[in-house]
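Below you'll find the structure, written out as structure tokens, and then a few comments.
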Amino acid sequence: MSLRLFNTLSGQLDELTPSDGKTLRMYACGPTVYDYGHIGNFRTFLQVDVLRRTLHLLGIPVRHVMNITDVDDKIIRNATAAGIPIAQYTAPYEQAFLEDLDSLRIERPEQLARATEHIDRMVGLIQRLATAGAAYQAEDGSWYFRLSSFPEYGKLSKKDLSGMEDGARVDLDEYEKDSARDFALWKAAKPGETSWDTPIGRGRPGWHIECSAMAMEYLGDSFDLHAGGEDLMFPHHENEIAQSESVTHKPFARHWMHVRFLLVDGRKMSKSEGNFYTLRDLLLKGYKASAIRLALISVPYRHQLNFTFDGLTEATNAIDRLRTFHQRLITGSFAPGENPALQEAAKKAQADYLAALSNDLNTAEARAPIFDLIRAANTAIDQSQLLAGDRDAILAVLARFDAVFDVIEDHDAEPTRRALEWAEQAGRQADVAPELLARQSFTDEAVDALVAERTLAKKQRNFSRADQIRNELAEKGIVIEDSKDGVHWKRK
Ligand code: AMP
Ligand code: ZN
């Protein structure tokens with residue numbers, strides 16, 4: 001099966017295959033490390049994770065490059081305000097970003113590339129642009145891309161740029177929504193700002209040139225796919241195309257993937273609206289990393305996701321259902337043999353799941369058959385009609401599901417522990433939900449001891465004490481399950 005993915009450049013669903021016949025080479029714009037990542041950023045990184053995992057599931061090896069923007073206007077402004085060098089300012093945010101990727105189980109790209117470590121490549125590219133007549137130096141020493149030298153400008157975003165002012169310039173790193181102007185490739189040094197001494201003068205790179213330079217460094221002049229949030233389509237990606245194709249005269253990326261922005265409670269997420277959440281904010285509220293992952297990937301990447309706390313609760317419940325069912329299959333004992341109806345159901349669920357993912361990464365449609373299968377299998381178990389061969393077939397389907405969704409196996413303790421540790425260091429204890437604190441204060445040993453006491457109470461027919469312990473544990477978010485082979489407990 002192959003993956004059909006919407007391509008912003010062609011405006012249609014195109015088959016995504018490695019052009020070298022071996023490895024799919026892809027570049028995704030990474031974070032600007034001036035603050036903690038918010039759930040909007042992570043929706044985009046998660047959807048790229050869904051893409052790379054789906055490619056792997058389809059047997060396609062991936063070489064994925066992501067930049068870390070560790071120099072830009074905001075970083076310089078904030079580092080200057082804090083009176084520290086930019087590297088000292090960005091290091092903790094980069095570290096936090098990588099930890100957050102781990103918390104959300106976003107696979108690391110094969111190559112992470114810091115902008116400040118590729119200044120030479122950017123300077124080299126600007127020199128080639130100058131030679132080609134596509135770049136010029138302004139009076140203050142800054143370098144600009146000459147938009148009029150690239151007639152195809154606008155081909156990605158399909159913007160009508162006929163009203164464009166020739167020679168008008170913009171030197172901001174921040175997104176400029178509607179202006180098409182000569183943009184800064186290199187900014188001449190200003191007193192007190194971080195700068196590099198280079199053959200094109202003392203200064204620092206503009207934001208757009210970094211992605212062109214690093215993408216071509218690691219993936220070659222032409223590669224298979226370029227991804228990012230929808231806000232980057234214009235002007236950032238348009239500028240990347242212009243800079244790169246002006247020197248190579250080859251198509252830069254064949255395929256462009258843009259992830260739709262998320263809304264929170266139906267509105268644009270913003271600090272001033274009070275609906276702005278970092279991953280850490282949500283973990284401190286007591287939500288599990290797996291639930292956040294599932295909530296952010298369950299709406300397909302081209303659809304608007306309206307993030308709500310109800311949605312997070314729905315994701316939490318869905319994961320509970322998955323894990324409980326998985327546990328039931330693993331711990332249960334089933335008679336040998338196969339039930340043809342369940343074999344058929346497992347086959348169909350797997351086919352529908354793969355078909356949905358292959359159809360433009362439709363995660364919502366991919367989820368549905370898995371939950372249908374769980375319903376059918378649970379009913380069969382209740383009626384003793386699920387046999388050992390069915391268990392194996394269904395476990396294989398769940399493994400394929402988890403190869404992309406990655407929420408069944410429970411890895412939730414570590415992100416929560418890390419977030420709590422961070423809250424303490426960052427003086428954010430006030431943001432920790434009381435329920436979470438109560439839950440965490442209960443160590444595994446303490447739970448084991450209470451569970452043992454309950455078992456003893458039941459043996460002694462002291463059912464009121466046994467129920468009391470069960471309730472006490474439930475209040476701390478711990479669920480006890482009695483099964484044939486003993487008592488199991490888990491944190492909710
Ligand atoms: P930044 O750190 O601002 O450069 O953004 C990193 C990535 O997150 C980029 O691909 C952005 O397009 C993406 N992004 C930023 N805000 C949102 C949002 N609200 N929803 C989805 N993606 C976003
Ligand atoms: Zn970029």
Side-chain angles (χ1 to χ4, degrees), residues 8 26-51 64-75 78 90 93-94 96-98 100-101 104 106 109 112-115 118 122 125 156-157 172-177 183 205-219 223 225-244 252-253 256-271 273 275-279 292 295-297 299-307:
T8 312
M26 58 185 261
Y27 184 91
C29 292
T32 306
V33 282
Y34 71 99
D35 206 342
Y36 297 103
H38 58 66
I39 53 174
N41 301 137
F42 288 115
R43 161 149 155 97
T44 292
F45 297 127
L46 276 163
Q47 295 288 353
V48 173
D49 189 55
V50 167
L51 168 69
H64 173 187
V65 179
M66 183 196 269
N67 62 301
I68 304 253
T69 301
D70 57 352
V71 53
D72 90 328
D73 291 345
K74 283 188 288 260
I75 289 171
N78 294 0
T90 56
Y93 292 116
E94 180 186 310
F97 172 71
L98 297 176
D100 289 352
L101 290 187
L104 289 169
I106 297 174
L112 282 169
R114 290 197 192 104
H118 296 77
M122 300 177 209
L125 194 53
L156 179 71
S157 55
L172 290 177
D173 285 341
E174 269 131 294
Y175 312 152
E176 278 271 310
K177 291 284 173 237
F183 56 88
W207 168 44
H208 312 295
I209 196 76
E210 95 181 51
C211 286
S212 287
M214 298 197 284
M216 291 197 284
E217 161 91 5
Y218 294 106
L219 299 172
F223 52 96
L225 175 122
H226 196 311
E230 63 174 342
D231 60 321
L232 302 187
M233 189 195 307
F234 183 87
H236 181 55
H237 289 161
E238 204 75 70
N239 292 353
E240 282 188 45
I241 292 175
Q243 295 161 158
S244 311
F252 180 50
W256 289 81
M257 171 188 182
H258 289 104
V259 180
R260 192 98 189 260
F261 258 35
L262 67 64
L263 298 178
V264 175
D265 291 326
R267 288 168 302 145
K268 189 169 179 273
M269 184 168 69
S270 84
K271 284 191 177 145
E273 292 264 353
N275 66 349
F276 181 94
Y277 300 108
T278 64
L279 172 64
I292 301 167
L296 293 177
I297 63 178
V299 172
Y301 78 97
R302 274 213 293 150
H303 292 244
Q304 187 115 60
L305 162 67
N306 183 24
F307 178 88

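Both ligands and their constituent atoms are indexed starting at 1 by order of listing. Side-chain atoms are counted along with the backbone in the values below, which use heavy atoms only and exclude waters and symmetry mates.
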Looking only at heavy atoms, is any part of Asn41 under 4.0 Å from ligand 1, and if so is it the side chain, the backbone, or both, or is it neither?
both

Residue part near ligand 1, for Asp231, under 4.0 Å between non-hydrogen atoms:
side chain

Do Leu232 and Thr44 make a side-chain contact, defined as non-hydrogen atoms from C-beta onward lying under 4.5 Å apart?
no

Mind checking whether Arg114 and Glu94 have side chains closer than 4.5 Å, heavy atoms only?
yes

Closer than 2.8 Å to the Zn ion (ligand 2): does that hold for any N, O or S atom in Cys29?
yes

Does the ring center of Phe252 lie less than 6.0 Å from the ring center of Phe223?
yes

For ligand 1, which is the ligand I care about here, please tell me if [X] has any N or O atom under 3.5 Å from one of the ligand's N or O atoms.
X: Glu230; answer: no
X: Leu262; answer: yes
X: Gly40; answer: yes

Closest to the Zn ion (ligand 2), among the N/O/S atoms of His236, is atom NE2

Consider only side-chain N and O atoms of Asp70 and Tyr93, and report whether a donor and an acceptor are under 3.5 Å apart.
no

Pairing donors with acceptors under 3.5 angstrom, does anything connect the side chains of His226 and Glu240?
yes

So, 4.0 Å and heavy atoms of [X]: is ligand 1 close enough to count as a contact?
X: Lys268; answer: no
X: Val259; answer: no
X: Tyr34; answer: no

With sequence neighbours left out, write down each residue that passes side chain to side chain contact (heavy atoms under 4.5 Å, CB included) with Asp49, or none if nothing qualifies.
Arg52, Arg53, Ile106, Glu107, Arg293

Only counting residues at least two apart or in another chain, list the ones meeting side chain to side chain contact (heavy atoms under 4.5 Å, CB included) with Arg260.
Arg43, Glu230, Gln304

